[in-house]
Structures are given as C-alpha cells and as structure tokens.
Amino acid sequence: GTADGPGVIAFATVSDAPVGTTVIRSASSVAAYAKDLKYYPIDTTKNYRVRFWVRGVGADGILHQDLQQYTDNVGTTCATNGGRSPYKPSGVATPSGWTEFSNQWGPGDWQAGVKFVRMDWLLNYSGTTGYVEICNPRFEEMASADLIVDGAITANKIAANAIAVGSAA
C-alpha cells in the first residue's frame, strides 16, 4: 500500500522489521495520519480483518487505527467523524517493540452508505517525542463460519497431510 500525509509520514528502510524492510514512519515528535491510498470495496454483510505490525521509537503518544469509510471510490467520506469510526484499536499506548495488531470489522461497524474503505492510522496521537513505524499492513475478508457445520470440518478445506495421526485432541 501507499501512505497519505505529506510532511508527516515517509517510507523508511529498517533491518529489524518482522516482515520485509520497508516501513511507514511518522515524523518525529508529532501526531501523524497514515492512510492507504487504495479503496477496498466491501460487502456490509461480511466480516473483515486488518493486521499490521507497529512500534514506537521513543514515542510517547497513543495509537488509533480505523477503516475510513466512503460512499464512493473518489473520496466522499461517510458522515460520522469523517468516516473514521470505529477506531480499533482506540487509544492504546504505542508499544516500544514490534507488536502485531489484528482487529475485526463487521456488519455492526459500518456507517450508512459505506461502499469502500481505506486503512487509516493516527500515529503518536498526543505525542511530543519519538516516532512510530508500521509494517506489513493487510486488509482481508474473513472466511465465514460455514467452514464448520455440525461439528464436522469439510475435507476440501484441509490441505493434504495437514493433520498428523495423534495430533488431534
């Protein structure tokens, strides 16, 4: 993905990211918005997950992440908070070491008229020192619960040799 927020974020190369070597980095000592420029179409009856790794380097602010919600793919946001609701996570301390976050959105989270979303972060919110880095952001549609029906897992959902004898409880 790409990031939006001229003057407050940049791409940087690091040697210790958990995935890859490129990170999105906030400017130092200020809060910054980082936003994926890609619009993801959604079905409001389905569930989605956002996963990403984050760390603060001397950062004293907090972290918010959301799926900014749009009625179209040209920038018309939904009404509540500029399309930025709900936040998941909301107001957590920025971890000092690489930490993976995984959050889910579903039918109860969508604003009226939403058709597209973009991943959006508020980094080092209320912060006065340090910077924050994000790597490997992912937006995924979640598999439905119909993979398991009446306690039986259908064979076409399990890879060959995926279960060893004696490994099941």
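Here, residue 1 is the first one in the sequence, and each next residue gets the next number.
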So CG of Leu123 and CD1 of Ile9: to nearest 0.5 Å the spacing works out to 8.0 Å
Restricting to side-chain hydrogen bond (donor to acceptor under 3.5 Å, both in side chains), what partner residues turn up for Gln69, sequence neighbours left out? none
For Ala79, check side-chain contact (heavy atoms from CB on, under 4.5 Å) against everything at least two apart and list the hits. none
Kindly determine whether Val117 and Trp110 satisfy side chain to side chain contact (heavy atoms under 4.5 Å, CB included), including the steps that lead there. CA-CA 10 Å; Val117 296; Trp110 308 124; 4.0 Å; yes
Can you list, pair by pair, the side-chain donor-acceptor contacts under 3.5 Å of residues 96-104, counting residues two or more places apart and other chains?
from: Trp98; atom 1: NE1; to: Asp16; atom 2: O; distance (Å): 3.2
from: Thr99; atom 1: OG1; to: Gly97; atom 2: O; distance (Å): 3.0
from: Asn103; atom 1: ND2; to: Lys88; atom 2: O; distance (Å): 3.3

Tracing side-chain contacts under 4.5 Å among Ile, Leu, Val, Met, Phe, Trp and Tyr outward from Val30 reaches none
Do you know the tightest heavy-atom contact between Ala31 and Leu122? CB-CD1, 4.4 Å
Interatomic distance, Ile134 atom CD1 to Asn136 atom CG [nearest 0.5 angstrom]: 11.5 Å
If you look at every heavy atom in Ile42 and Phe139, which pair is closest and at what distance? CG2-CZ, 3.9 Å
Can you name the side-chain hydrogen bond (donor to acceptor under 3.5 Å, both in side chains) partners of Asn47, sequence neighbours left out? none
My understanding is that only residues two or more places apart in sequence, or in another chain, count here; which of them pass side-chain hydrogen bond (donor to acceptor under 3.5 Å, both in side chains) with Ser126? none
For the residue pair Ala112 and Cys78, what are the closest heavy atoms and their distance? O-SG, 3.7 Å
Heavy-atom side-chain contact between Gln65 and Pro89 under 4.5 Å: yes
Test: salt bridge (charged side-chain N to carboxylate O under 4.0 Å, His left out). Region: residues 64-78. Which pairs qualify, not counting sequence neighbours? none
Are the side chain of Tyr33 and the backbone N or O of Val8 linked by a donor-acceptor pair below 3.5 Å? no
Measure the OG1-CD distance between Thr94 and Glu133 for me, rounded to the nearest 0.5 Å. 12.0 Å
Parallel, tilted or perpendicular, as decided by the 30° and 60° cut-offs, for the rings of Trp121 and Phe52: perpendicular
I'd like to know if the side chain of Gln68 and the backbone of Gly82 have a donor-acceptor N/O pair within less than 3.5 Å. yes
Could you tell me the separation between the CD atom of Gln111 and the CG atom of Leu67, rounded to the nearest 0.5 Å? 11.0 Å
Does one hydrophobic cluster hold both Trp105 and Met119, with members joined at side-chain heavy-atom distances below 4.5 Å? yes
With sequence neighbours excluded, tell me which residues meet side-chain hydrogen bond (donor to acceptor under 3.5 Å, both in side chains) with Tyr131. none
Can you name the nearest heavy-atom pair linking Val132 to Ala59, along with the distance? CG2-CB, 3.9 Å
Which residues share a side-chain contact (heavy atoms from CB on, under 4.5 Å) with Ile62, sequence neighbours left out: His64, Tyr125
Should side-chain heavy atoms under 4.5 Å link Ile, Leu, Val, Met, Phe, Trp and Tyr, which residues sit in the same cluster as Tyr70? Tyr39, Phe116
Does Arg49 have any salt bridge (Lys or Arg N to Asp or Glu O under 4.0 Å) partners at least two apart in sequence or in another chain, and if so, which? Glu140
Val50 reachable from Leu63 in the ILVMFWY side-chain graph, under 4.5 Å edges: yes
Tell me every residue that passes side-chain contact (heavy atoms from CB on, under 4.5 Å) with Thr129, counting only those two or more places apart in sequence or in another chain. Asp60
